[in-house]
Amino acid sequence: MVSIIIRPLETPVVKIDYKKKIDRLWNFLFFIYGLRVNRDSVNSMIRVRCILVTINTTLQAFTLLHYLVAAVYGLKQQIVKDEIAFFINFLNIVMSVLLSVITSLILQYRKEKFRRLYTKLALSCDNDFIQSLYKTTAVYLGLTALVPMCSVISACFGYNGKLSKYYNVLLFVGGNLSDEMLYYVKYLMLGQFLFILAFDVYFVDSMIVYFANVCKMVARHFWLLNQKLQILLLNGRNFRMDELNRLRQRHEQICDLVREMNELFSPLIVIWLLVMTVSLCVDIRAVSMVQFTAYYNIFFVCKVTDRICLLVLLFKAASRVNNEAHFMSEKSLTSIIMMPHNEDKLHHYDLNYILFCLRLGNTNIGISASGLFLLNATSFLSLTGSVITYVIVLTQSS
């Protein structure tokens with residue numbers, strides 16, 4: 001008698017392509033700004049995107065012009081003591097709109113460089129790293145969305161009549177409107193404020209997260225190169241001439257990516273650091289001058305925390321590039337390398353090895369703020385010290 005064993009069918013494991021998921025995420029976030037990380041496959045989408053980019057750019061230009069006129073009007077008026085904090089907070093909103101417009105215009109002008117750099121940094125074979133990068137990016141983007149949400153909650157539930165009246169005077173540029181017209185204009189101003197939160201504030205925060213994402217990809221390329229070099233050194237065998245040349249050329253290629261990244265984000269890094277630092281100090285100043293409602297205090301705490309986290313994320317991701325670029329410099333300089341016996345090859349070998357060690361020991365490799373300074377732990381501590389000094393002076397003067 002023959003017994004038949006029936007085995008359950010095995011469910012095939014579907015491997016998720018996180019590379020496509022993260023590409024779709026960035027394309028979705030930057031679609032309305034005319035930026036993509038890969039080429040369009042459908043011509044109709046190009047036309048739709050051009051129309052949306054034109055509408056978005058027009059609305060942003062109108063919003064920026066409106067808020068600049070309101071800010072100039074506020075500067076010309078006699079500002080009483082209680083209204084100084086309101087006006088400082090209004091200037092903070094103006095800076096957010098201006099920062100978004102500058103960022104979008106510069107990157108739209110460099111959209112081809114924006115796409116090509118991301119394509120060169122692709123790590124399609126490193127699925128574990130891409131999976132981790134996708135999850136952390138989703139978490140960061142979700143956390144940055146808390147600030148616009150807290151802004152809406154504080155505006156709806158923590159209504160401040162005096163603050164609302166002052167903002168209305170600024171945005172209407174002192175014009176006297178009828179009660180019926182004032183009712184509709186208030187909703188128009190609310191829609192404009194929501195537009196700023198969604199398409200200005202969140203766009204800049206998302207772009208900083210994208211910048212940190214790109215820094216991690218560059219650091220990953222350096223890390224993979226360091227792994228190859230470390231394995232060769234641990235094995236204790238001599239470098240072959242072709243291996244030495246490949247390592248040196250690969251290091252040069254990754255350094256070229258770093259230079260392209262510095263050129264792409266050249267003025268933006270300085271502007272981001274400047275505006276975020278000033279915004280952080282302005283929020284601290286506004287809270288110390290006026291006692292807001294509990295909802296507004298929660299909003300300010302979330303906003304200050306968001307600025308601090310973005311600064312930490314920006315410096316941490318950029319400093320990682322600098323660390324990985326020089327990780328193997330000490331080991332390569334102090335390790336014992338066996339020289340080839342052929343005297344004809346000895347000179348070329350010495351020259352290649354010296355050039356490779358000099359490249360690893362070059363301390364200028366990293367993400368720079370328009371060539372002014374490298375983004376590393378030293379520059380972060382300097383920025384932190386400046387903010388802490390401001391807080392101490394503010395506390396003593398109050």
Side-chain angles (χ1 to χ4, degrees), residues 60 63-64 67-68 70-71 74-75 83-104 106 140-141 143-155 163 166-167 170 192-212 265 267-290 292 296-316 318 369-370 375 379-380 382-395 398:
Q60 283 195 336
T63 303
L64 177 61
Y67 272 71
L68 286 176
L75 288 174
E83 294 176 347
I84 295 178
F86 298 157
F87 184 71
I88 290 176
N89 190 35
F90 180 80
L91 289 179
N92 202 353
I93 300 175
V94 176
M95 285 191 299
S96 299
V97 179
L98 182 61
L99 179 62
S100 174
V101 172
I102 293 174
T103 302
S104 61
I106 290 177
Y140 290 144
L141 291 174
L143 292 177
T144 54
L146 291 178
V147 175
M149 291 173 60
C150 290
S151 301
V152 175
I153 293 174
S154 61
L163 177 64
Y166 180 74
Y167 280 0
L170 283 180
Q192 192 177 44
F193 179 67
L194 294 177
F195 174 81
I196 291 173
L197 293 176
F199 296 99
D200 290 330
V201 176
Y202 191 69
F203 166 66
V204 175
D205 292 350
S206 301
M207 186 55 66
I208 294 175
V209 175
Y210 173 82
F211 172 79
F265 294 98
L268 292 178
I269 298 174
V270 177
I271 298 173
W272 289 343
L273 293 176
L274 179 62
V275 172
M276 283 196 294
T277 305
V278 172
S279 176
L280 182 62
C281 296
V282 164
D283 288 334
I284 296 173
R285 178 69 174 174
V287 173
S288 64
M289 292 180 66
V290 177
F292 292 95
Y296 276 96
N297 288 332
I298 293 174
F299 160 68
F300 279 116
V301 169
C302 291
K303 191 176 179 183
V304 169
T305 305
D306 175 71
R307 290 289 168 261
I308 294 174
C309 291
L310 285 176
L311 285 171
V312 172
L313 176 64
L314 192 149
F315 274 97
K316 183 180 178 182
S370 299
L375 299 184
S379 56
F380 176 73
S382 300
L383 180 63
T384 304
S386 301
V387 175
I388 292 176
T389 303
Y390 173 80
V391 174
I392 293 174
V393 173
L394 181 63
T395 304
S398 60

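Small disclaimer: the values here were computed from a predicted structure and weren't measured. All heavy atoms count here, side chains included; hydrogens, waters and symmetry mates do not.
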- Between the OG1 atom in T384 and the CG atom in L311, the distance rounded to the nearest 0.5 Å is 8.0 Å
- Note on the structure: Tested for side-chain contact (heavy atoms from CB on, under 4.5 Å) against V278, the lone hit among V282, V275, L280 is V282
For residues 205-212, which side-chain donor-acceptor pairs fall under 3.5 Å, sequence neighbours excluded?
{"from": "D205", "atom 1": "OD1", "to": "R307", "atom 2": "NH1", "distance (Å)": "3.4"}
{"from": "S206", "atom 1": "OG", "to": "Y202", "atom 2": "O", "distance (Å)": "2.7"}

- Report yes if the side chains of M95 and N92 come closer than 4.5 Å at any heavy-atom pair, otherwise no. yes
- Note on the structure: Taken to the nearest 0.5 Å, the spacing of L98 CG from I93 CD1 works out to 13.5 Å
- Item | Residues in ring pair (Phe, Tyr, Trp, His ring centres under 6.0 Å) contact with F195, at least two apart in sequence or another chain | F199
- Do the side chains of T63 and Q192 get nearer than 4.5 Å, heavy atoms only? yes
- Task: Show your reasoning for whether side-chain contact (heavy atoms from CB on, under 4.5 Å) applies to V204 and W272.
- Result: CA-CA 9 Å; V204 175; W272 289 343; 4.3 Å; yes
- Distance col, row L274:CG vs S279:OG, nearest 0.5 angstrom, shows 11.0 Å
- Task: Might you point out which heavy atoms bring F203 and S100 nearest each other, and give the distance in Å?
- Result: CD2-OG, 3.6 Å
- Message: For a 4.5 angstrom cut-off between non-hydrogen side-chain atoms, does I106 reach P267?
- Response: yes
- Message: How long is the straight-line distance from CG of L310 back to CG of L273, given to the nearest 0.5 Å?
- Response: 11.0 Å
- Closest non-hydrogen atom pair, D200 against S96: CB-O, 4.4 Å
- Message: To the closest 0.5 Å, what do you measure between SG (C309) and OH (Y140)?
- Response: 9.0 Å
- Gap separating the CG atom of L375 from the CD1 atom of I269, nearest 0.5 angstrom: 5.5 Å
